[in-house]
Amino acid sequence: MRIESALKQLAAGEFVCSVRFPDEFDALRSPEGHQKAKEWLEAIGYRLAQLGEDGAFFMAYDYLDVEGKGRVREELRGLRDRLQPVVSFLETLRQAQSRGVQLQPGDEIVHSEVMEAVRLSALVGRRLSEMKDVHGSRANESASDRLGRILDLLEQEGYLTLTNVNFKTYRITGKITYLYQLLAFMAEHLPEMAESSVVDQMEERQTTIDDAATQPEGK
Amino acid sequence: MTAGPIKDALQALSRHADVVEQAVMGGAIGQESLPKGAVQALRQASALRAAGEEHWRLHPRLREYLQDHLQMFPQFQSLTDISSKLALLQHLLTDAQTAVAERDYESLEFQLASMETAVYDIADATDRNLTFLAGMVSTKYGNVRTFAAKMAQNRWYLRQSGILGDDLNRLGRISSYVEKEAEERGWPVSRQIRRVLLSRAQVWQHGLSDIQTQIRQEIFRTRQIEADLRNLARADQFLAQHPAWRGLDRDFDAVPAAVLRAVLPKIRPHVEPTDGERSVREEMQAIVASLPPKRVHIQAEPVQPLKVVRTGHGDYEEAEALSPASLALRELKDFIATADDKVSVLEWRDSSLSAKSLPAGNWVFFATTALEAGPHRVKGSELDFEVEIVPNPPGPGRRFSRTFRDARVSVLRSVAPRRVESTAKLP
């Protein structure tokens with residue numbers, strides 16, 4: 001039964017990882033299930049792919065026909081829409097985490113812990129309040145509600161899975177590796193994303209102050 | 001050394017176990033937090049050392065022993081030094097050879113006993129180091145709280161494992177040499193070296209190699225994580241600084257595997273109606289139950305001519321099945337038409353079986369409503385009735401009542417009979 005469920009998830013375009021779909025992931029990892037999934041996908045013109053060695057399974061094109069090429073091109077062309085909210089939210093989470101954060105599959109994110117970090121850091125608090133792309137957010141809502149909305153959105157996108165409703169505890173799913181692959185690809189092909197090209201906002205501000213300080217008065 | 005001082009030292013540690021525990025967990029402890037007599041007793045057992053003027057710390061060897069016992073390792077613990085013990089073994093061998101040359105058998109016996117102890121110490125230290133390293137790499141954070149600290153720790157243990165590797169090489173070389181020399185002279189320590197060191201050297205080497213591989217993989221992974229987080233931060237800033245950028249608008253030779261992810265349209269299976277499988281049958285029944293009700297087309301029936309029967313009064317009435325209420329109403333109308341005075345609907349009810357088949361309240365309401373809606377055809381003439389409602393008394397504190405209990409009815413006026421157009425024929 002688990003392999004059937006795994007195949008359905010693959011067909012729906014889900015990333016089947018050990019965090020979000022543990023039973024299906026185990027089924028795909030077993031030699032028998034792996035073989036069955038491989039054969040089934042090959043029979044309909046796709047292949048079973050995996051993100052890294054222990055990463056999530058997903059269904060990929062076996063070969064790129066015209067339609068497939070078009071879809072890939074379309075996906076790359078619209079990367080901003082796909083990445084903007086998620087990157088922005090995850091970077092805020094990264095900055096908000098007081099403890100060393102890895103944002104790797106299986107890592108836990110607890111609403112109250114992040115909120116505590118937001119309370120301690122004015123910078124992160126401001127970043128959270130100024131964040132766009134939070135669907136349904138209101139201007140006067142509390143930081144906690146806003147954070148809850150962000151976590152819900154990441155859950156809907158498949159990057160988080162809710163593990164404890166009462167304590168609002170989430171776990172990062174294997175889909176995040178997909179995001180990192182995309183970001184690494186962007187970093188490789190976008191000269192503007194190279195270390196020297198991305199202007200550190202803090203440095204920029206400092207330079208502006210320095211410039212102002214060196215300007216003669218009245219100018 | 002006699003048994004007395006050892007027993008005293010252990011008893012002192014036992015008596016002040018709380019202080020010892022506090023010192024292991026917390027480091028230096030203040031004079032004020034120590035119970036009276038504890039400092040003196042533990043100082044006499046050499047378990048406490050002064051740390052400044054008013055603080056005390058535990059003897060490092062005692063701390064090390066307890067940490068070993070509890071498998072509690074600090075963040076950047078060094079491995080137990082083996083090379084000094086190997087040097088000692090080599091030195092003891094030279095001393096033993098000298099004792100043989102000088103025929104100093106008493107010294108020889110002491111040197112050989114010391115060599116045996118050194119051999120066991122080397123084996124214990126190597127075992128401990130390997131256990132410690134394996135423990136460190138198998139825990140995700142290994143006594144550190146941050147990702148950066150974990151990376152630093154991994155680098156530290158990789159260096160430490162390198163040192164242990166050198167030590168193991170030296171151990172193999174030196175112990176082989178000592179074993180060969182001892183074997184030539186027939187010293188029993190040669191057998192111990194073979195059993196305790198040489199036979200296990202290869203296992204240690206393999207174990208260390210595995211640990212080093214694991215640490216390297218861990219370091220690679222932490223570097224990967226570092227790169228991921230760096231890319232995340234850069235992408236965030238890039239997107240903020242380039243609001244017009246929409247995406248990568250060109251063809252690439254190679255794209256990340258995840259971009260090749262495909263999505264099938266939603267699978268919409270159908271149920272085979274002839275399938276006899278239980279679950280399918282149940283599903284079919286559920287589908288049928290959820291369908292809207294079948295629209296029934298009623299074909300208009302041809303209108304039958306009215307059947308007319310002759311009654312005793314010479315009137316023509318429709319032969320239809322009347323309800324008890326209608327029958328009672330008809331009887332009431334006949335009664336009122338012939339009555340001289342007003343008729344109480346409720347009282348009349350007692351005289352009619354049909355009317356009594358209805359609850360009193362229902363009957364009064366039904367009769368009143370029907371009689372008010374005149375004119376009525378009674379015995380060939382059309383009549384209107386005057387209906388006088390008999391209300392219930394008003395409730396306490398109220399002036400009017402909204403309910404009634406009876407009605408008194410009389411004939412209001414007679415209306416000229418209407419001509420009945422009928423195509424009905426007499427039988």
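The basis for the numbers below is simple: all heavy atoms, side chains too, and nothing from hydrogens, waters or symmetry mates.
- Side chain of A:T163 to main chain of A:T169: a donor-acceptor pair is present (N/O by atom type, distance under 3.5 Å, no hydrogens or angles).
- Of all the listed residues (A:L190, A:L83, A:T177), the one sharing the greatest number of non-hydrogen pairs under 4.5 Å with chain B is A:L190.
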>> Before you tell me yes or no, could you show the steps for A:Y46 and A:Y61 under ring-ring contact (aromatic ring centres under 6.0 Å, His included), namely the whole-Å CA-CA distance, both residues' side-chain angles and the distance that decides it to 0.1 Å?
In response: CA-CA 5 Å; A:Y46 298 95; A:Y61 289 101; 5.8 Å; yes

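- Of the two parts of A:I44, only the side chain, counted from C-beta on, holds a non-hydrogen atom closer than 4.5 Å to a non-hydrogen atom of chain B.
- For A:A49, no part lies near chain B; criterion is any non-hydrogen pair under 4.5 Å.
- With a threshold of 4.5 angstrom between heavy atoms, A:F58 approaches chain B through side-chain atoms but not through N, CA, C or O.
- For A:L90, the parts sitting under 4.5 Å from any heavy atom of chain B are the backbone and the side chain alike.
- If you check the side chains of A:Y170 and A:D107, you find no donor sitting under 3.5 Å from an acceptor.
- Residues B:R246 and B:P243 approach most closely at NH1-O, 3.9 Å, considering heavy atoms.
- Residues B:D127 and B:R200 have side chains in contact (heavy-atom distance under 4.5 Å, counting atoms from C-beta outward).
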